[in-house]
Amino acid sequence: MSSPEPDREPSWAWDERRWRGGVEKVRAGRSLRPARWKDGARVCVALSFDSDHESSTLRDGSVSPGRLSQGQYGARAAVPRILALLRRHGIRASFFVPAVVALLHPDEQRRVIDEGHELGMHGWIHEMTSQLTAPVERDLMRRAHETLAKIAGRPPVGVRVPSWDFSPTTLGLIRELGLLYDSSLMADDEPYELLEDGAPTGIVELPVEWIKDDAPYLGMNRASTIRPYTAPSAVLEIFRAEFDGAVAESGLFLLTMHPHIIGHRSRIAVLEQLVEHMRGVDGVWFATHEEVARYCLAHAEGQPTPSATAR
Ligand SMILES: [Zn+2]
C-alpha cells in the first residue's frame, strides 16, 4: 500500500469505478441520533479539548523554543484553567492527546482522568495522516494506543485524527484497534454510523466542523499566514448560535477547542459565558464523547443502514 494518491492521473480521466470507489471508501451510514437523549434531555453537549501543546511544532520537524513555548502555555497555564472551569460547572469533557504530548505531560493526563474526563487518541506527534504510508500510519496508531493505555491505565476507546486528516486507510485501522468511535469527519450535525465500501462498520462517528472549533478563528502562527481574525465576542456569538440550533433540533452540540488557544484570559471568559448560557437552558446533557457514542449505539432509532451499492 502506498499513499492515497498513487498516480498523477487527472481526475477527469478517472473511470466511474475510481471516483465512485473513492467516495464510498468512508461514508456516513444510518443516523445514530437517539429519539431521546439521556434522562429526557433536550440537547446533548460534548465539549472536547485537543491538547496539542508542543506537538504542533514538533510535527513540522521544528524544535524552536519560541514556538514550543506557545505549546507549553497550553499545559502550564491553560489546562489548569480549563479543568477549574469544568469543575466549577460540574461538567465532564473529552481530551484528545497526541502520544508524544502524553509522554511529555503524563501527570496532566492522569489529572484529567482523575477529574472524570475522557482521554482519547490524537495521533503520535500530530502527524498529517494523509502524508503517511499505510504501514507507518498503522505503526503510529498502535504506538499511540499503547502509550495512552499505559498512562491512563485503560485503553482509549475513541480517536480524533490530528487536523481531522482522515486517510482512506484510517477507518480500517480504527476497526483493527476495536475502537468505539471516531470524531474527525463532517457529514452531519448528528452522530452516525460509518460505512466502509458501503458496508456498516458499527463504528460511531461524532462529527466535527471547523465552525465549531476555536482554531480557525483564534489560531496564531508567526511563521505562517495563520492569524486570529475574529474577536472572542464574535466566536461566542457563533458557538452560541450553533448550540441554540442544536436545542431547536434536539440534537448534538459538539465543540472542539485547544488549550493553547482557548485557555487565554480573554478567551476562557468566552467559554465561561457559553457554559453559563448552556446551563441556563433546561434539559442539557453534558457528556464525554465516549458516553455519547455508547448512548447513541444503544438508543439509535432502527432505521436501516443505507446501502451504498443498492441503487
Ligand atoms: Zn490537534
Side-chain angles (χ1 to χ4, degrees), residues 46-62 64 67-79 81-83 93-106 108-109 112 117-132 137 140-141 143-145 147-148 151-152 156-167 170 173-174 179 181-186 205-221 223-224 226-228 235 239 254-264 267-268 271 288-290:
L47 300 181
S48 43
F49 299 91
D50 296 0
S51 301
D52 297 343
H53 299 349
E54 295 88 347
S55 68
S56 21
T57 301
L58 295 171
R59 181 263 308 275
D60 295 338
S62 168
S64 153
R67 284 191 60 196
L68 288 168
S69 71
Q70 188 186 21
Q72 190 179 9
Y73 183 94
R76 185 181 171 95
V79 167
R81 213 170 259 159
I82 290 164
L83 289 175
S94 298
F95 289 72
F96 294 95
V97 184
V100 164
V101 169
L103 290 166
L104 285 167
H105 307 280
E108 173 185 299
Q109 313 321 320
V112 160
H117 308 295
E118 175 191 3
L119 202 63
M121 293 170 68
H122 196 45
W124 173 256
I125 197 165
H126 216 283
E127 61 278 2
M128 296 299 285
T129 307
S130 64
Q131 294 173 0
L132 308 175
E137 185 182 1
L140 294 181
M141 231 164 134
R143 282 158 64 196
H145 188 263
T147 301
L148 288 200
I151 289 173
V157 301
V159 60
R160 172 163 294 155
V161 178
S163 306
W164 299 335
D165 185 24
F166 201 103
S167 87
T170 303
L173 297 173
I174 288 173
L179 299 181
Y181 74 88
D182 171 72
S183 182
S184 317
L185 299 174
M186 308 191 192
E205 177 60 37
L206 299 176
V208 294
E209 231 299 326
W210 294 110
I211 300 166
K212 295 173 277 183
D213 183 336
D214 57 358
Y217 307 115
L218 303 170
M220 172 70 199
N221 181 346
S224 80
I226 296 170
R227 294 285 183 278
V235 176
F239 289 171
L254 187 155
L255 185 61
T256 299
M257 293 163 283
H258 301 76
H260 73 283
I261 294 174
I262 200 74
H264 289 274
R267 299 165 177 179
I268 196 86
L271 179 57
T288 66
H289 289 42
E290 177 180 356

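Just so it is clear, the values below take in all heavy atoms, side chains as well, and ignore hydrogens, waters and symmetry mates. Each ligand, and each atom within it, is numbered from 1 in the order the structure gives.
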For Glu290, what residues pass the salt bridge (charged side-chain N to carboxylate O under 4.0 Å, His left out) criterion, not counting sequence neighbours? Arg154, Arg294
For the Zn ion (ligand 1), which protein N/O/S atoms are closer than 2.8 Å? Asp52 OD1, Asp52 OD2, His122 NE2, His126 NE2
Just to verify, what does His117 make a ring-ring contact (aromatic ring centres under 6.0 Å, His included) with, not counting sequence neighbours? Phe95
For Phe96 and Tyr181, take the angle between the two ring planes, folded into 0 to 90°, and tell me which bin it lands in: parallel under 30, tilted 30 to 60, perpendicular over 60. perpendicular
Applying salt bridge (charged side-chain N to carboxylate O under 4.0 Å, His left out), name anything that partners Arg267, two or more places apart in sequence or on another chain. none
Return the CD to CG distance between Glu209 and Leu255, rounded to the nearest 0.5 Å. 12.0 Å
Any side-chain donor near an acceptor of the partner, Asp52 and His122, under 3.5 Å: yes
